[in-house]
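Data block below; observations after.
Quick note: numbers below take in every heavy atom, side chains included, and nothing from hydrogens, waters or symmetry partners. Values in this document were obtained by computation on a predicted structure and should not be read as measured data.
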Amino acid sequence: MRRNKVVSLFAVGALALGLAACSSDDKAADGGAGTTTFKVAFNQNAAHPQAKALAEISDKLKEATDGKYALEVFHDELLGSQAETLEMVQTGTVQMAIVGGSLLENFNPDFSVVNLPYLFDSIEHQMKVLNDPAITGELYSSIEDKGIKVLVSYHAGVRNVYTKTGPITKPEDLKGMKIRVIGSDTNVRMMELMGGVGTPMAQGEVYTAIQSGVLDGGENNELIYSDLAHAEIAPYYAYTKHLMMPDTLVINPKVLADMDETSRAKLLELVNASVDTEVKLFAEAVTDRKAKAEAAGAKFNDVDFDAFRNAVLPLHQERLTTDVTKKIYEQIQAAR
């Protein structure tokens, strides 16, 4: 059954009013000092590995700061699409959010260098590179003046193509097919090189779009494919393994700066430590969700991997247009 994501206008309005009202007024359990609660926007459910990592951060942060700080996660796109919640982080309406890494390209095109297809050899390679300040520090800090600070990058799975009409085994099979991608020029171009038509769309709209024929399929990891019931309407899941794009945990820079030094250091420590937790949980979740998708009728198949990889490699050179991207790309290659 498809996920329902219908929120009344009244509920949205009430939520918007409540966000500001409860961001710093919650009382600690001891009845004494108040707890500053950071609102975190997230587009997946509470069972997602990243949601569990955030819950762990919140518990440990509240304990370490004697109830001074905590997080409250709003799941299932309750606060809007990722693009919308990024704007909320910029204005401070929402303090933090997890968003797909490619969305940051809209604020600095250089972010495309870490969102290229077939870029990383493994999860270990990806996390080692993306969370090394010596490699990505300059890139991450480049959008702070726009109200966005990248705290950490999480593993967001390996993305594969799925369709409603039949198995995909080679780029030619995608000809003319409208495949949902995250909204960035890099992703649209990637799908074009893979043979399809990249169609940006908010995640919450994809089920209906595939069901109605507006889309022919999507591309994502096994968790989202299963959790959003896309296996019901697009049962052919092809292991193109084309993209290991990160998700990023971002915060409004002023929110972080306004914390006392000790609490801020603890938050950063817990965020960095949460990467290992998230990676472990993600691996376990992939096995679980694949089994659930198969039970719902999904058919998984391998593809001509080299054909897809060779088709998109020109995109690497197309996106290496600045000294920053060229330097980061070389460091990524050296870290293999």
Side-chain angles (χ1 to χ4, degrees), residues 38 40-43 50 53-54 57 61 71 82-83 85-92 94-116 119-120 123-157 182-187 243-259 261 263-279 316 319-335:
F38 295 151
V40 188
F42 187 47
N43 72 332
Q50 291 168 7
L54 290 172
I57 292 172
L61 180 65
L71 310 181
Q82 291 188 348
T85 58
L86 261 178
E87 293 179 1
M88 293 179 186
V89 170
Q90 288 182 284
T91 62
V94 173
Q95 290 76 43
M96 302 168 69
I98 289 184
V99 298
S102 64
L103 289 178
L104 301 183
E105 295 175 30
N106 297 318
F107 301 93
N108 179 357
D110 285 350
F111 272 88
S112 64
V113 69
V114 296
N115 299 319
L116 292 171
L119 182 65
F120 302 107
I123 298 172
E124 292 75 19
H125 179 212
Q126 181 193 36
M127 292 294 93
K128 174 184 177 182
V129 168
L130 295 182
N131 292 315
D132 183 348
I135 297 176
T136 56
E138 180 182 351
L139 178 66
Y140 287 176
S141 64
S142 68
I143 57 174
E144 289 187 26
D145 62 345
K146 296 179 173 65
I148 302 170
K149 179 176 179 60
V150 177
L151 290 177
V152 76
S153 285
Y154 286 128
H155 175 64
I182 293 179
S184 80
D185 292 341
T186 301
N187 280 283
L243 195 58
M244 196 182 293
M245 186 183 69
D247 281 340
T248 54
L249 176 60
V250 299
I251 190 171
N252 183 292
K254 186 177 185 304
V255 170
L256 191 64
D258 285 346
M259 297 178 73
E261 185 175 350
S263 298
R264 180 169 60 248
K266 191 62 183 178
L267 173 62
L268 296 176
E269 175 189 330
L270 291 171
V271 164
N272 289 327
S274 72
V275 173
D276 289 340
T277 298
E278 190 267 351
V279 168
H316 287 212
R319 290 298 184 263
L320 302 179
T321 58
T322 67
D323 291 340
V324 171
T325 55
K326 291 175 182 176
K327 179 181 178 182
I328 293 175
Y329 186 81
E330 290 172 358
Q331 291 173 307
I332 291 174
Q333 301 304 319

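- Annotation: the span from D110 atom CG to T322 atom OG1 amounts to 3.5 Å, rounded to 0.5 Å.
- With rounding to the nearest 0.5 angstrom, the CG atom of L267 is 5.5 Å from the CE atom of M96.
- A donor-acceptor pair shorter than 3.5 Å can be found between the side chains of Y154 and S274.
- Residues A53 and E278 share a closest heavy-atom pair of CB-CB, 4.2 Å.
- Of the possible donor and acceptor atoms, none in the side chain of Q50 sits under 3.5 Å from a partner among the backbone N and O of I98.
- In this structure, OG1 on T248 lies 7.5 Å from CD1 on I143, to the nearest 0.5 angstrom.
- Counting only distance, with no hydrogens or angles, the side chain of T136 and the backbone of P133 share no donor-acceptor pair below 3.5 Å.
- Under the 3.5 Å distance criterion, the side-chain polar atoms of N106 are left unmatched by any main-chain donor or acceptor of S184.
- Residues Q82 and T85 share a closest heavy-atom pair of O-OG1, 2.9 Å.
- The aromatic rings of F120 and H125 lie perpendicular to each other, with more than 60° between the two planes, well past the 30° mark.
- A donor-acceptor pair shorter than 3.5 Å cannot be found between the side chains of N115 and T186.
- Formation of a donor-acceptor pair under 3.5 Å by the Q331 side chain with backbone atoms of V129 is not found in this model.
- When every heavy atom of M244 is checked against every heavy atom of H155, the shortest pair comes out as CG-CE1, 3.8 Å.
- A donor-acceptor contact shorter than 3.5 Å links the side chain of Y140 to the backbone of L130.
- Among all heavy-atom pairs drawn from R264 and L256, the shortest one is CD-O, 3.2 Å.
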Worksheet item: Between R319 and D185, does a side chain to side chain contact (heavy atoms under 4.5 Å, CB included) hold up when you go through it step by step?
Response: CA-CA 10 Å; R319 290 298 184 263; D185 292 341; 3.9 Å; yes
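- Summarising the geometry of V250 relative to L86, their closest heavy-atom pair is CG2-CD2, 4.1 Å, with the distance given to 0.1 Å.
- N187 contributes no side-chain N or O that, together with a main-chain N or O of G183, makes up a donor-acceptor pair within less than 3.5 Å.
- Once rounded to the nearest 0.5 Å, the distance linking CG of L151 with CG of N131 reads 10.5 Å.
- For the pair E144 (side chain) and P253 (backbone), a donor-acceptor distance under 3.5 Å is absent.
- With contacts defined as side-chain heavy-atom distances shorter than 4.5 Å, the pair L119/Q333 qualifies.
- Heavy atoms from other residues, nucleotides or ligands lying under 6.0 Å from CG of D323 number 12 at most.
- Looking at every heavy atom in both residues, S102 comes nearest to I182 through OG-CG2, 3.0 Å.
- Taking the side chain as every heavy atom from C-beta outward, L139 and L104 never approach each other to under 4.5 Å.
- Taking 4.5 Å as the limit, every side-chain heavy atom of K327 sits out of range of all side-chain heavy atoms of V113.
- Atom CD1 of I332 is separated from atom NZ of K128 by 12.0 Å, given to the nearest 0.5 angstrom.
- In this structure, L103 CG and I148 CD1 are separated by 9.5 Å, a value rounded to the nearest 0.5 Å.
- The environment of K146 atom NZ is dense: over 12 non-hydrogen atoms of other residues, nucleotides or ligands sit within 6.0 angstrom.
- Looking only at distances, no side-chain donor or acceptor of N252 sits under 3.5 Å from a matching main-chain atom of Q95.
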